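Remember, predicted model here, so these are calculated numbers, not experimental data.
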Amino acid sequence: MKNAIVIGSGIAGMTCAVRLAESSTHVTLVSPFPSERSQSVMAAGGINGVLDEHEEGDSVACHIEDTLRGGSFIAGENAVTGLCEGARDIIKHLEKIGTVFSVDEDGNLRRRAFGGQSHRRTYYCGSATGKHIVSALVMELRRYEACGLVERKLWSCFHSALIKDGVCYGVILYDETKGTLVSLTADAVVMAVGGQNAMFGKTTGSTQCDGYSAGKLFTQGVELKNLEFIQYHPTTIETKQKRMLISEAVRGEGGRLFYVENGERVYFMEEKYGPRGNLMTRDVISREIDAVDKDVFLDISFLGEKEIKSRLPEVRELCLKYINLDISKEAIPVAPSVHFFMGGIAVHMNHETNVKNLFAVGECASMYHGANRLGGNSLLSAQYGAVIAAKEIATRASSAEAPDFSAQLADETEALRKLRNNTGSRFPATYIRDMLADTMREDLGISRNETALKKGIEAIDYYLSVADNINYDSSVPMHELYSLGAILSLARATLTCALERRESRGAHYREDYPDKDDGAQWATIISYDGGKYRVYLDKEKRYES
């Protein structure tokens, strides 16, 4: 029987595991926490698709056009076409396995408007769509666990890949319960580890998603793509722990952005962009809020308490719980925050990386969103990409016997031992992580320029120079200590890509290059070679084939 290892148990990882099990492939599903604690449960607004009953004038072709335009025409047309054409089957499969979508009085699935889209095509489960999908997938996965096709490996983290001569044969995992490393081999490895939120400190995402896996693979020869395209969600609120997302569903239901000047409300998005101004793409709204340089608010109170409780109950509860504000009576104070990473591990159409038998799906893989993601396309792409990867793996014969990786396991075990014995250093890991977050927020913000980007690279080069001499602290999880170098390498690569793209496109805005460059309408690819960061534009479309 073929076997595969899936790293990450959010929506993308679980979907891939389920589809692999359906094809009688044995799956080891690895994650540090249960799926119910994955970032996927935070996905609020909905999932895009054009079903048989759709808004008048809408079509799959319109969905494709909106996605390509929203991504500033950097995403591959073939990939986006497959994504949008596959949406119907994805949504129908979710219904089949028990996802409870919101319905109208006649029992038809409800749709709401989302930013950057020409029609209402976002299907939703209140404002907790991710949570409902996770619940349905967990139950589906348990069926395959019960018959022995899926084995969950909890409290374990990806440590490194087993790669030889351009082929991946498995992974080395860190077992948090024992504090040891263990190697696993498989016919295929699928990375479904999310974005790199922790690299920026407090964001809308989970700090579990720290970018280590992508950074480690990068140093092992895996190419990365479009790292400079980082989406700021325009409407978030500040809490002690993190930035909390005020779902785009609020604006989809008619919410209006404004600031106050001379005692009067100024609906700045509508004044500049017309009636649909509040539903412009996220990059546009984030830049406009940033440029206003005033306190900005989002008002949905006119919808009334009854409708808000019906359509946006989770948003109402979130605001009551975290900022003691009733959205049926008051406007919500909002500001942009890092939210989604369009860039990540470079993958081909079948979701395989430049390393054979190593795949990536979900937010950690860069494929469908180009320079900016449309709201509602992330839940779709997480599942669609997982289905594509599973189909590809299922068609392949079992791999040849894995080479001997005992020396790599021994070396990495020794490196952990040395880290545990490294006490008394003046470089605490938590200090460097905090400084990294400050650097990324300050030098890679909504608006960028050459001076700031070079300053950020200089700072990270210094952090990298001391990363091997950090102080061991037993109060800090071991994973956070050993992950530092790889995360810094990823951060360095991200700033390098942003520096090299000398134009403004989608979520990447350069103050010193404010216009688009038609000659740069290509994906950015970056590779790592002995400490050198090499960047090129994918003009030959290597990652569309």
Check your understanding: Would you say the side-chain atoms of Tyr543 and Glu223 include a donor-acceptor pair closer than 3.5 Å?
Key -> yes
Check your understanding: Where the side chain of Ser156 meets the backbone of Asp175, is there a donor-acceptor pair that is under 3.5 Å apart?
Key -> no
Check your understanding: Do Glu314 and Ser127 have side-chain N/O donor and acceptor atoms under 3.5 Å apart?
Key -> yes
Point to revise | Stacked cation flag Arg510 on Tyr513, 6.0 angstrom / 45 deg | key: no
Point to revise | Charged N-O contact under 4.0 Å between Arg502 and Glu500 | key: yes
Check your understanding: Taking the six-membered ring for Trp, are His351 and Tyr368 ring centroids under 6.0 Å apart?
Key -> yes
Exercise for review: Please determine, by modelled atom types, if Ser31 and Arg37 share a side-chain donor-acceptor pair under 3.5 angstrom.
Suggested key: no
Practice item. Determine, using ring centers only, whether Tyr174 and Tyr482 are less than 6.0 Å apart. Key: yes
Check your understanding: Does Arg492 pair with Asp461 as a salt bridge, N-O distance under 4.0 Å?
Key -> yes
Exercise for review: Calculate, to the nearest 0.5 Å, the distance between atoms OG1 and CG belonging to Thr413 and Leu181 respectively.
Suggested key: 4.5 Å
Practice item. Would you kindly say whether Asn449 and Asp512 are connected by a side-chain donor-acceptor distance under 3.5 Å? Key: no
Review point. Does the side chain of Arg287 pick up a donor-acceptor pair with the side chain of Ser447 at under 3.5 Å?
Key: no
Review point. Do Ser366 and Val347 come close enough that some side-chain heavy atom pair is under 4.5 Å?
Key: no
Review point. Does the pair Lys455 and Glu458 meet the rule for a salt bridge (Lys or Arg N to Asp or Glu O under 4.0 Å), with working shown?
Key: CA-CA 5 Å; Lys455 181 167 72 75; Glu458 183 178 345; over 6 Å; no
Exercise for review: Could you go through the side chain to side chain donor-acceptor pair (under 3.5 Å) check for Tyr528 and Gln220 one step at a time?
Suggested key: CA-CA 8 Å; Tyr528 182 89; Gln220 291 189 278; over 6 Å; no
Check your understanding: So, Arg505 side chain and Ser72 main chain: donor-acceptor pair closer than 3.5 Å or not?
Key -> yes
Check your understanding: Do we see a donor-acceptor contact under 3.5 Å between the side chains of Gln231 and Asp283?
Key -> no
Study note, to complete from the structure: All heavy atoms of Leu318 vs all of Met244, minimum pair found to be CD1-CE, 3.8 Å
Check your understanding: Is the count of non-hydrogen atoms from other residues, nucleotides or ligands lying under 6.0 Å from Asn469 atom CG greater than 12?
Key -> yes
Review point. Salt-bridged, Arg396 to Glu392, with N to O below 4.0 Å?
Key: yes
**Study point:** Lys153 vs Leu29 side-chain heavy atoms within contact, under 4.5 Å
**Key:** no
**Study point:** Salt bridge flag under 4.0 Å for residues Arg243 and Glu238
**Key:** yes
Point to revise | Within 45° cone of Phe200 ring axis and under 6.0 Å: Arg441 NZ or CZ | key: no
Practice item. Answer yes if the ring centres of Phe341 and Phe229 are under 6.0 angstrom apart, and no otherwise. Key: no
